[in-house]
Each structure stands twice: as structure tokens, then as C-alpha cells.
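Every heavy atom of this structure was used, including side-chain atoms; hydrogens, water molecules and symmetry mates were not. In this text the structure is predicted, and so the values were computed from the model without any measurement.
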Amino acid sequence: ADGLKSLAVTGVTVTNSAGNSAGPLQVLWVDGNGVAHAEAVTFTWDSSSHSYIGTSANYGASNPAVVLSLNTTGAYSLTINAPLDHPFTTADNNATAGSEYEDNLTLNFGVTVTDGDNDTANATISINVDDDSPAFINGGIEGGTVTALNTSVTKALNIAFGADGENASHGLVISGWEPLDGVSYG
């Protein structure tokens with residue numbers, strides 16, 4: 001019967017798939033050359049809109065990287081406007097980048113609610129963010145048969161690059177073959 005006095009997000013921590021700390025939240029900004037750069041996200045609480053707003057060097061207030069919005073009924077929404085940096089390549093982060101480890105991140109937002117006579121309660125909103133790895137779909141690479149010299153065979157690779165998109169310079173690398181004229185290798 002004391003009523004709601006205030007509602008606030010008090011901070012965010014980030015853990016990876018193995019439950020290890022992933023450090024502060026970072027997003028990726030891609031420059032004009034297609035190179036991604038990690039940027040630290042700084043959060044501020046806007047009490048008038050009940051929004052926890054995360055900005056970075058290239059994702060400012062007009063297009064924030066991350067926004068967690070709460071309402072007084074207990075509902076919340078998370079909007080992610082920038083790709084998140086999934087920094088781990090293994091559970092212990094001891095392998096080189098580009099490995100097949102899918103580094104899902106859990107964003108843990110601390111929330112404090114205060115009633116009319118200043119009683120408080122704390123809780124955590126935990127949201128899993130899938131590190132969307134590429135996959136071969138629809139049966140994978142279609143096989144083909146070359147039946148004569150100077151004859152081309154066209155088949156589908158059936159690649160789904162996922163939400164992260166194709167790497168600008170090394171989206172598809174052919175390896176394990178002898179060099180062929182006209183084919184570039186990563």
C-alpha cells in the first residue's frame with residue numbers, strides 16, 4: 001500500500017557461455033574499410049523514461065547501442081542497435097580468433113525498486129545474447145561432377161552467415177587445395 005516511489009537499473013555485468021566474466025559490455029563499429037572496432041558502452045539511467053541507455057563513441061544518444069526500458073507494471077524490453085563484441089574464442093579465451101567457439105553473452109542488469117516509505121527490493125534481469133555462428137544449411141555444399149574440360153559446374157554452397165553477417169574480406173576461405181589460377185586464398 002506504500003506505492004511505487006522509484007524504479008532504477010543499477011548496472012550491468014556480462015558473462016560468457018562458460019560463466020566467465022566477459023568484462024565490460026562492448027559493441028562493434030565497422031569503419032569505412034569494413035574493419036570492426038570494439039567500443040566500450042557507457043550506461044546512464046533516465047528516470048523519466050525508465051530507460052537504461054548505453055552509448056559508445058559511434059553509437060550516441062540519437063542511436064544508442066543498447067536500451068533497456070522498464071515500466072511500472074514490471075514489463076521490460078531490451079533493444080540492441082549495434083553488434084555486440086563476443087570477445088571469447090574458447091571458454092577460457094585461450095584460442096585464436098576465428099575458432100568455432102560460440103560465445104553467447106548473458107547481460108545481467110541489476111534492478112532496484114523503492115516503495116513510498118523507502119523499502120527496497122533488488123533483482124536481476126538476465127538476457128542471453130546468442131553469438132550467431134555461420135552454418136551450412138539445406139544439406140550443405142551441393143556436390144557436382146565435371147564431365148569435360150572447359151566446362152563449368154555451378155552449385156550452391158548454402159551458407160547462412162547469421163546475424164553477424166559475412167566477414168568483409170574473408171567470408172569464405174577455400175583451404176586444403178592446390179593453388180588454382182584465378183582463385184584467391186585467405
Side-chain angles (χ1 to χ4, degrees), residues 1-91 93 97 100-135 137 160-168 171:
D2 297 329
L4 176 68
K5 180 177 181 180
S6 66
L7 179 65
V9 177
T10 58
V12 62
T13 60
V14 183
T15 54
N16 74 347
S17 297
N20 297 320
S21 171
L25 183 63
Q26 295 189 347
V27 294
L28 297 175
W29 173 75
V30 180
D31 66 22
N33 295 317
V35 178
H37 303 274
E39 298 182 342
V41 177
T42 303
F43 283 92
T44 56
W45 174 247
D46 180 349
S47 60
S48 63
S49 67
H50 295 121
S51 296
Y52 198 51
I53 302 167
T55 59
S56 69
N58 285 283
Y59 296 97
S62 64
N63 182 35
V66 179
V67 178
L68 176 66
S69 299
L70 310 175
N71 72 31
T72 57
T73 66
Y76 67 88
S77 68
L78 177 69
T79 304
I80 301 174
N81 296 314
L84 300 186
D85 183 17
H86 295 260
F88 286 80
T89 55
T90 67
N93 200 28
E100 295 179 10
Y101 179 71
E102 188 160 316
D103 183 25
N104 294 342
L105 298 179
T106 302
L107 308 181
N108 302 295
F109 294 93
V111 178
T112 299
V113 61
T114 305
D115 71 9
D117 67 356
N118 291 322
D119 296 322
T120 61
N122 298 306
T124 301
I125 296 172
S126 295
I127 299 172
N128 183 48
V129 180
D130 183 28
D131 184 9
D132 195 15
S133 297
I137 59 171
F161 284 99
D164 294 332
E166 179 181 354
N167 181 298

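- No donor-acceptor contact under 3.5 angstrom links the side chains of Asn108 and Thr124, judged on distance only.
- In terms of heavy atoms, Thr72 sits closest to His50 at CG2-CE1, 4.1 Å.
- Of all heavy-atom pairs spanning Val12 and Tyr52, the tightest one is N-OH, 3.9 Å.
- In this structure, the side chain of Thr10 engages the main chain of Gly110 through a donor-acceptor pair within 3.5 Å.
- Contact of the Leu78 side chain with the Phe109 side chain is registered, since non-hydrogen atoms from C-beta on lie closer than 4.5 Å.
- For the residue pair His37 and Asp31, a side-chain donor N or O sits within less than 3.5 Å of a side-chain acceptor on the partner.
- Here the side chains of Ile127 and Tyr76 are in contact, with some heavy-atom distance below 4.5 Å.
- Remark: of the listed residues Leu107, Leu105, Thr106, Thr15, Thr106 is the sole one forming a side chain to side chain contact (heavy atoms under 4.5 Å, CB included) with Asn128.
- For the pair Thr13/Leu25, no side-chain contact is recorded, criterion being any heavy-atom separation below 4.5 Å from C-beta on.
- Side-chain contact between Asn104 and Val129 is absent, with no heavy-atom pair separated by less than 4.5 Å.
- The shortest side-chain heavy-atom distance between Asn118 and Lys5 falls under the 4.5 Å cut-off.
- Between the Asp46 side chain and the Ser48 main chain, a donor and an acceptor come within less than 3.5 Å of each other.
- Scanning both residues, Ala65 and Tyr59, for their nearest heavy atoms gives N-CB, 3.7 Å.
- Nearest heavy-atom pair, Ala57 versus Glu39, reported as atom, atom and distance to 0.1 Å: N-OE1, 3.5 Å.
- Between Leu7 atom CG and Ser47 atom OG the span is 10.5 Å, to the nearest 0.5 Å.
- Of all heavy-atom pairs between Ser51 and Ser69, the closest is OG-OG, 3.2 Å.
- Contact annotation: the side chain of Asn122 never approaches that of Val111 to less than 4.5 Å [non-hydrogen atoms, C-beta and beyond].
- For Ala40 against Gln26, the heavy-atom pair with the smallest separation is CA-CG, 4.0 Å.
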Can you check side-chain contact (heavy atoms from CB on, under 4.5 Å) on Asn63 and Asn81, steps first, answer last? CA-CA 7 Å; Asn63 182 35; Asn81 296 314; 3.9 Å; yes
Going through the checks in order, is the side-chain contact (heavy atoms from CB on, under 4.5 Å) test met by Thr79 and Val66? CA-CA 6 Å; Thr79 304; Val66 179; over 6 Å; no
